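Source: prediction; values computed, not measured. Atoms within a ligand are numbered from 1 in the order they appear, just like the ligands themselves.
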Amino acid sequence: MSESAEIVVIGAGIMGCAIAHALAEKGQRSIIVLERDAIARGATADAAGGIRQQFSTSTNIELATWSVRVWETYVERFGIDINFRQQGYLFLLDSPEEEATFRKNLALQQSMGVPSHWVSPDDIARLNPFVTLDGIVGGTFCPEDGWADTYNCTIGFAKAARARGVEFREDTDVTGITVENGCVTGVVTKSGTIATETVIIASGPQTRSVGEMAGVTLPIDPYRRMSFITEPYDRLPQTLPMTIEFSTSLYFHPESRGFLIGMSNKDEPSSFNKTVDEDWMMTNVENLIRRAPAFEDASIMRGWAGFYEVTPDDNPLLGWVDDVAGLAVAAGFSGHGFMQGPAIGACMAELILDGAASTVDITPFRPSRFREGQLNQEHNVI
Ligand SMILES: Cc1cc2nc3c(=O)[nH]c(=O)nc-3n(C[C@H](O)[C@H](O)[C@H](O)COP(=O)(O)OP(=O)(O)OC[C@H]3O[C@@H](n4cnc5c(N)ncnc54)[C@H](O)[C@@H]3O)c2cc1C
């Protein structure tokens with residue numbers, strides 16, 4: 001073996017960068033982050049940038065709330081403007097069943113200090129006068145939610161990690177993880193093997209195949225999701241909240257003098273197809289105009305596809321992998337990972353260096369839960 005590191009992180013998306021930074025901030029040295037492409041080019045680059053605290057599981061609420069405090073103070077801490085716009089998340093609900101579920105989740109959020117609340121159709125008309133109220137029974141709103149620039153958020157962590165001695169190697173594909181007697185011993189790349197006793201897999205939608213390199217099954221599958229940006233469009237103001245029709249997953253929020261829109265095609269099977277589906281774009285636009293007719297004259301400027309990294313309960317795998325000593329994973333955020341990056345970084349660093357996460361108890365998201373049959377379903381998936 002030609003070289004060694006105390007910790008190797010695979011993947012330099014929001015998770016790899018936040019974890020490496022948190023480890024270095026706690027004093028850990030000899031960390032190498034390996035990225036097959038470039039920093040912040042994976043799912044993180046394709047995200048809509050949404051940041052919310054409106055979840056159904058207490059672990060997600062805690063991870064999100066802790067992270068919001070970091071996003072709010074990011075400029076002071078990291079010296080990079082992330083354009084965090086706390087204009088709120090407005091969920092629109094169209095059935096009594098969803099009303100009951102969201103009211104239950106609101107009670108949980110409020111008990112944990114989240115300022116989310118129920119909104120009547122009249123309240124919705126005030127918060128976003130551009131949506132039709134047809135079929136809407138009400139909704140929920142949290143004024144602290146919003147969105148930010150995912151690239152700057154990730155680069156900020158990477159720069160701060162570098163300043164503390166973390167080495168980032170881009171264009172470096174990991175092709176193998178060596179395991180001897182049940183323990184991690186190294187990571188293989190085209191340039192050779194790096195000997196290490198600790199590997200953290202933060203490889204987003206590709207995590208299943210990275211896990212297979214160590215002989216473990218990490219149940220994370222890629223699902224194509226698309227986003228589109230309109231040309232600058234001033235018939236709707238840039239002050240609107242992120243607005244989501246929960247039953248269809250249609251969403252839109254102001255972006256670059258236009259609007260970013262999206263909608264999940266929940267019937268599409270898992271794949272690594274990254275092309276933009278023009279038919280789905282039309283479906284998305286038709287649904288947008290149905291719910292917000294003022295978009296009828298807007299034009300789509302560009303669109304892109306990326307991958308949700310979906311697990312059987314729409315929650316991530318966080319922690320040590322049972323069968324291989326020294327192998328940890330932080331992946332499978334099922335479409336809501338970007339926003340939780342700061343807390344995931346802190347929790348994973350605590351787990352690795354202190355033996356347990358203290359920022360948030362992440363044991364409900366332990367990788368072994370699938371084998372144990374202890375799934376922890378997140379309801380608020382968009
Ligand atoms: C259209 C869309 C909209 C989204 N909107 C939101 C949103 O509004 N809010 C939100 O919080 N989340 C959103 N998400 C989800 C979010 O993007 C992800 O949950 C998050 O970015 C995952 O970060 P990550 O670091 O785990 O993965 P990634 O950003 O994918 O990083 C993993 C990295 O690992 C690298 N890698 C993979 N395999 C290897 C290998 N063998 N060797 C070396 N490197 C490797 C990849 O190149 C990649 O850079 C959205 C996703 C999509 C696709």
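With a 6.0 Å radius and a threshold of 12 heavy atoms from other residues, nucleotides or ligands, Asp354 has its CG atom above the threshold. Counting heavy-atom neighbours within 6.0 Å of Arg257 CZ, excluding the residue itself, gives a total of 12 or less. Atom OH of Tyr151 is surrounded by 12 or fewer heavy atoms from other residues, nucleotides or ligands within 6.0 Å.
The 4.0 Å heavy-atom shell around ligand 1 contains residues Ile10, Gly11, Ala12, Gly13, Ile14, Met15, Leu34, Glu35, Arg36, Gly42, Ala43, Thr44, Asp46, Ala47, Ala48, Gly49, Gly50, Thr172, Asp173, Val174, Ala202, Ser203, Gly204, Pro205, Gln206, Val210, Arg225, Ser227, Gly306, Phe307, Tyr308, Glu309, Phe333, Gly335, His336, Gly337, Phe338, Met339, ordered by chain and number.
Considering only heavy atoms from C-beta on, Leu108 stays 4.5 Å or farther from Phe55 through its side chain.
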Problem set entry | salt bridge (charged side-chain N to carboxylate O under 4.0 Å, His left out) between Asp134 and Arg291, worked out | CA-CA 8 Å; Asp134 300 351; Arg291 184 51 72 195; 5.7 Å; no
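In the hydrophobic clustering (ILVMFWY side chains linked at under 4.5 Å, chained through shared members), Tyr308 is joined by Tyr223, Val310.
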